[in-house]
Asks: 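Pasting in a structure now, in structure tokens, and then I'll have a few things to ask.
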Amino acid sequence: MKRIVSIQDISCVGKCSLTVALPIISAMGVECSIIPTAVLSAHTMFPGFTCKDLTDQIAPIAAHWQECKLSFDAIYTGYLASTEQIDDVCSFFDTFRQEGTLIVVDPVMADNGKLYPAFGPDFPAQMARVCAKADLILPNLTEASLLTGLPYRTEYDEGHIREMLQALAALGPRYVALTGVSSGPDKLGVMYYDRETGRYGSYFGEHLPASFPGTGDVFASTCVGSLMRGMELGDALALATDYTVGSIRMTMESPDANWYGVEFERAIPYLVRRLG
Ligand code: PXL
């Protein structure tokens, strides 16, 4: 069985980050170790959330794992809680990267043109340092604009997306997948780029008229799980799109849906069936 480590926060309520990555990656038949970057009472869309930063735990956990001679097939990072922990995450990559280790960075920090409330204006430059060390990054359009300095647009053409993909790849990663890209009035999905071959690809699903926190984490976790199950990047991104759209649809149809997250749990049987 492949083993990965996911580095992101635990939001105790709210269905995002590790409480999404763990069940999805486990259901896909991949072992998921974790390093929590912070413990929050609930994700940051909840007014009054508490947050305990765990930066001082990253280096000692890494040191213990080195003593235990642990290794990982992939390292997947999401929400990082502060600029202080950026150096620790970068050192973790340097220590645990081996031949064949896949480093996936979801530069979680912003959406809909705005930084998340916990971050200051200096944070995107720090996140760009983490992206520089990745093999694959998975920003949304807002994060892409903050990482590259290119304008955030709600209306764009394919040329603008290609320019973004190239600017993101210039930060360092070989593969870039830009999420939340629209290709028409009712299509939403992902466009991606491989810097080494110069190839572009895309995959779109139905653009449903609802949005929920945590869907980016559902998407990224499914992508990482799929890659660990041996899928090509294009197939992994297609499954991640389909499962995320399916989770949103089930949430919209659910009588007891919550505003704070998607009912990805209901769609887990679909995800497992798609793995064959
Ligand atoms: O889903 C992204 C995310 C992760 N972690 C925390 C968040 C958010 C989005 O709001 O607040 C703590």
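Start at 1 and go down the list; that is how both ligands and their atoms are numbered.
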Asks: Atoms of ligand 1 less than 4.0 Å from Gly214 heavy atoms?
Replies: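 Contacts of ligand 1 toward Gly214, numbered from 1: 1 (O).
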Asks: Around atom 8 (C) of ligand 1, find the nearest protein heavy atom and jot down its residue, atom name and distance.
Replies: Tyr79 CD1, 4.1 Å
Asks: Indicate yes or no: does Arg129 engage Asp87 in a salt bridge with an N to O separation below 4.0 Å.
Replies: yes
Asks: CG/Leu18 to CD/Gln8 distance, rounded to the nearest 0.5 angstrom?
Replies: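 Reported value, rounded in 0.5 Å steps: 4.5 Å.
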Asks: Non-hydrogen atoms of Gly216 versus ligand 1: any pair closer than 4.0 Å?
Replies: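 No, that is not the case, since the closest heavy atom of the residue is not under 4.0 Å from the ligand.
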Asks: As an exercise, identify every atom of ligand 1 less than 4.0 angstrom from a heavy atom of Ser17.
Replies: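 Numbered from 1, ligand 1 contributes 4 (C), 5 (N).
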Asks: For atom 11 (O) of ligand 1, what is the nearest protein heavy atom, given as residue, atom name and distance?
Replies: Thr44 OG1, 2.6 Å
Asks: Which residue holds the protein heavy atom closest to atom 2 (C) of ligand 1, what is that atom called, and what is the gap in Å?
Replies: Asp217 OD2, 3.4 Å
Asks: Let me check something: do Val39 and Val13 share a hydrophobic cluster, defined by ILVMFWY side-chain heavy atoms less than 4.5 Å apart, either directly or through other members?
Replies: no
Asks: Suppose we call two aromatic rings close when their centres sit under 6.0 Å apart. Are Tyr79 and Phe119 close by that rule?
Replies: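 Distance test on ring centres: under 6.0 Å, yes.
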Asks: Can you tell me which residue and heavy atom of the protein come closest to atom 5 (N) of ligand 1, and the distance to 0.1 Å?
Replies: Asp9 OD1, 2.8 Å
Asks: If I compare all heavy atoms of Ala42 with all of Phe49, which pair ends up nearest, and what's the gap?
Replies: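 Taking Ala42 first and Phe49 second, the nearest heavy atoms are O-CB, 3.5 Å.
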Asks: Report, in ascending order of atom number, the atoms of ligand 1 lying under 4.0 Å from any heavy atom of Leu40.
Replies: 12 (C)
Asks: If you round to the nearest 0.5 Å, how far is CD of Glu31 from NZ of Lys2?
Replies: 12.5 Å
Asks: Using a 4.0 Å heavy-atom threshold (strictly under), name the region of Asp111 that reaches ligand 1: side chain, backbone, both or neither.
Replies: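 Within the 4.0 Å criterion, Asp111 makes no contact with ligand 1.
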Asks: Considering only non-hydrogen protein atoms, determine which one is nearest to atom 10 (O) of ligand 1 and report residue, atom name and distance to 0.1 Å.
Replies: Met45 CE, 3.3 Å
Asks: If you measure from CZ on Arg199 to CG on Leu233, what distance do you get to the nearest 0.5 Å?
Replies: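 Reported to 0.5 Å precision, the distance equals 12.5 Å.
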